[in-house]
Amino acid sequence: MASMTMIQALNNALDLKLTDDPSVVAFGEDVGYFGGVFGVTKGLQEKHGSGRVYDSPINEGAIIAMAMGMAVNGMRPVAEIQFADYIFPGFDQILSELSRIRYRSAGQYTAPVTIRTPCGGGIYGGQTHSMSPEAFFTHIPGLIVMMPSNPYDAKGMLISAMENDDPVIFFEPKRLYNGPFTGDPHVPASSWTKHPKGEVPEGHYTVPIGKADILREGSDVTMVGYGTMVHVALAAAEEAGVDAEIIDLRTIIPYDVDAVTNSVKKTGRCIVLHEAPRTSGFGAELTAQIQEDCFYSLEAPVMRITGWDTPYPHAHEWSYFPGKSRVMQALKTMMETV
Amino acid sequence: MASSNKGIQVPTPRFRPGDRPNFDHLDVPQAGGLPKPAVDADSQNLKEFAFGLVRVLNHNHCAIGDWDPHLSSGMLLDGLKSMVLTRAYDNRMMKMQRTKRLSFYMKCLGEEAVAIAGAAALRDDDMLFPSYRQQGALIHRGADLVDMMCHCISNSRDNLLGRQLPVHYARKDLNWFSISGNLGTQFPQAVGWGVASRAKGNDAIACSWIGDGTSATGDFHAACTMASTYNAPVILNIVNNQWAISTHESIAAGSAESFAAKAIGYGIPGIRVDGNDFLAVYAVTKWAAERARAGLGPTLIETFTYRGEAHSTSDDPSKYRAQDEWKLWPLGDPVERLKSHLIVNGDWSEAEHDDYEAQCTDEVTKAWKESVSYGTLEDGPHSPVETIFEDVFTEQPWHLRRQRQALGY
């Protein structure tokens, strides 16, 4: 075991797969010599060579199409999109091509591509470096969508993604790269060294796709989220003194429906959390599924705590971010509902 | 001509319905006029090929000049036969669409040489990333007509389980990629395939086709950028058939003189070739293939041709272009030109040609009869209904399982 940041854990996952599987390559903008703008691929070109880890021109559609063409020819590319906000020039290649190639060729061609991309706010990134666009990708049949919340999961999930035969959109909450974050910018940043999930085995292991993690067992209310928001939920529940059951989905599609519905049937209450805008966010899907499967167990309407339906503002970042105080307020309202 | 400073300036084709087409403005150079550069020539020295037109067959139907690939009569006959069979197949499928046995069809009349000579110049393990008008290459690679028809009518033997629109073939066994309906997406994918081939130490190359209209897409430029950056072993073809549905090539070309010349900015060779000249298309493709296989990188080829039929069964060209354009097309009919060449060489005759055409008509009629015995689009049988939930993911996740069950399977 070693103490790792999420960046180091992701780097370690890539390093292991580049070592044990010659079909793996990693590429994207600034990914090669420089090691990525967040340093996730740092040192990998030096170790594995410029034929395995390399820079690409600034063209996200081309990056994804290249990765798909390579995957069709038996490779397992890991493409980095520098910020999730930049993924949209490649959206057609993801939506119309990558996600459907297995289906439209009736299984003749498959594209085991992993697209890594940093998402989320909390770093004063403004509207073009803060998005959480996961919901767009959950609406596309054929894509696996994942978002880890800590270094241990990040490594195991990325290895699972790279070993899976389906295309994966792998969102990395950039606010968590160097430490957990409870949503309060005025509290000094903490590091992963003090967090149990910052302890990461150095060898190969996987965190299975489609399996949620129950971060805290509780009986009062179920809180379902992924990425940064699970840390906010934990902090808010603790401060509010609510015995919440907190579920980290980890895989958004296909998510662990049993973990969610079993919990809600037990607690009778549910708050769904994400940083992305509210309308048509993934919380809407979760809420609908929960009322379909748990209607007779619910004691209060399912609540959503999300970003606002606005672009991500720069100066007012902390009024946009669904931080601890908003979650605590929601918990209060939820627990007062009888 | 004076132009107003006001208003949006939009290119217009020379001829519209009711006009008498006249192609005198086209500069059609003599066959054999261009030299054949060495396979390892510096792309900077190849600019004349982006503005010229490689032609091998002259007006006397003889092969002349450096680009003559000196093909055996057997290879030429194979090419001719594939073209004739493709035309017969297209005619049959068009008829079937007109009698509502097929939802949709696209012919390649006039463009048979583009796909077939291209495929003939490649190895069977070279990967093809076609657009929707290269069915000739699939036939030339030996696809069974019954299999192709069964796909087009989405019956129980459709290898794509009824999931794709007709003519969107996918045949991994023939190194034929799955055709997308979204134009141009396959171009940068082909580059990725080629890069992977080299990464694995293989010398198989990728070859893709798009139309003149699709050269306007971002994916075209994505492919050229990536092919240049990674020196990819790939042949990128722009089939300039003059029309994108009702849109004349000038809408995509703008003020550009040639589509092949787009390659110059990327530092890759661009070659313009007479797309109705089987020998020229073969020779240029072979040159590009040898270059790519030797690790010398990509080539952009503009095959200059004419779309002899409608874009698809969903449009009527008499509504947007002059009636006799194809008949008056100065580069002629690729089938007639190769046929005449073989006859001049003493390897073929009109009688043999007529016999072979009749044989092809019989073959496609028989193939159609067999195909419908496996089901029709309208009446089935089709693939089992539950297959709509298969192949979305490697393993069916819970939500698809629930949806399958909701449908009763």
Side-chain angles (χ1 to χ4, degrees), chain A residues 22-23 25 27 51-52 54-75 77 89-90 92-93 95-113 141-144 164-167 209-210 251 253-258 289, chain B residues 127 129 158-164 168 170-173 176-182 184-200 202 204 206 217-219 221-226 228-230 232 234 383 387-388 390-400 402:
Chain A
S23 69
V25 292
F27 68 101
R52 305 286 306 285
Y54 52 91
D55 292 327
S56 75
I58 303 172
N59 187 322
E60 290 76 14
I63 291 169
I64 290 159
M66 284 276 296
M68 175 166 160
M70 295 174 86
V72 163
N73 200 356
M75 300 194 77
D92 183 45
Q93 285 285 347
L95 163 69
S96 312
E97 302 292 317
L98 189 62
S99 72
R100 295 186 195 159
I101 188 58
R102 173 190 293 278
Y103 192 79
R104 82 171 195 225
S105 69
Q108 293 178 82
Y109 294 107
T110 57
V113 171
L143 293 182
I144 289 171
N164 189 271
D165 287 340
D166 296 315
I209 291 169
T251 300
I253 289 287
Y255 69 92
D256 190 343
V257 69
D258 293 337
Q289 192 64 53
Chain B
M127 184 74 178
F129 286 79
D158 174 10
N159 72 325
L160 304 183
L161 303 172
R163 291 173 181 162
Q164 279 271 52
H168 291 59
R171 289 292 295 271
K172 190 174 185 186
D173 57 329
W176 172 277
F177 194 59
S178 155
I179 298 175
S180 178
N182 291 30
T185 50
Q186 76 277 16
F187 234 38
Q189 292 162 6
V191 176
W193 195 98
V195 167
S197 180
R198 268 188 82 74
K200 297 196 295 184
N202 298 339
T217 63
D219 277 331
H221 298 280
C224 291
T225 301
M226 289 301 201
S228 177
T229 298
Y230 301 116
V234 62
S383 57
T387 61
I388 69 175
E390 292 167 6
D391 300 320
V392 181
F393 294 97
T394 311
E395 290 171 30
Q396 202 166 79
W398 65 271
H399 61 293
L400 287 181
R402 283 192 189 185

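Note on naming: letters A, B, ... go to the chains in the order of the sequence lines (proteins, then strands), and numbering restarts at 1 for each one.
Here A:Arg104 contributes atom CZ and B:Gln164 contributes atom CD; the two are 6.0 Å apart, rounded to the nearest 0.5 Å. One finds the OG atom of A:Ser105 at 10.0 Å from the CG atom of B:Leu161 (value rounded to the nearest 0.5 Å). A:Ile209 CD1 to B:Glu395 CD: the interatomic distance, rounded to the nearest 0.5 Å, is 9.5 Å. The line from CD of A:Gln289 to CH2 of B:Trp398 is 4.0 Å long, rounded to the nearest 0.5 Å. A distance of 6.5 Å separates CG in A:Asn59 from OG1 in B:Thr225, rounded to the nearest 0.5 Å. Between the CD atom of B:Gln186 and the CE atom of A:Met68 there is a distance of 10.0 Å, given to the nearest 0.5 Å.
For A:Asp92, the part lying under 4.5 angstrom from a heavy atom of chain B is the side chain only. Proximity to chain A (any heavy atom under 4.5 Å) is shown, for B:Arg198, by neither the backbone nor the side chain. Using a 4.5 Å cut-off between heavy atoms, A:Tyr54 contacts chain B through its side chain alone, with no backbone atom that close. Contacts of B:Leu400 with chain A are absent, with no heavy-atom separation under 4.5 Å from either backbone or side chain. Of the two parts of B:Ala190, neither the backbone nor the side chain holds a non-hydrogen atom closer than 4.5 Å to a non-hydrogen atom of chain A. If you measure heavy-atom distances from A:Ile253 to chain B, the contacts under 4.5 Å come from the side chain alone. In this structure, no portion of B:Asp158 lies under 4.5 Å from any heavy atom of chain A. Both the backbone and the side chain of B:Ser197 come within contact range of chain A, judged by heavy atoms closer than 4.5 Å. Residue contact with chain B, scored on non-hydrogen atoms closer than 4.5 Å, involves the backbone and the side chain of A:Ile63 alike.
Here B:Lys200 pairs with A:Asn73 under the side chain to side chain donor-acceptor pair (under 3.5 Å) rule; sequence neighbours left out. Residues that satisfy the ring pair (Phe, Tyr, Trp, His ring centres under 6.0 Å) test with A:Tyr103, not counting sequence neighbours, are absent from this structure.
Here the side chains of A:Met75 and B:Val195 are not in contact, with every heavy-atom distance at 4.5 Å or above.
Donor-acceptor pairing under 3.5 Å is lacking for the side chains of B:Thr394 and A:Asp165.
Between the A:Gln108 side chain and the B:Ala170 main chain, a donor and an acceptor come within less than 3.5 Å of each other.
Ring orientation note: the planes of A:Tyr109 and B:Phe177 are tilted relative to one another, at an angle of 30° to 60°.
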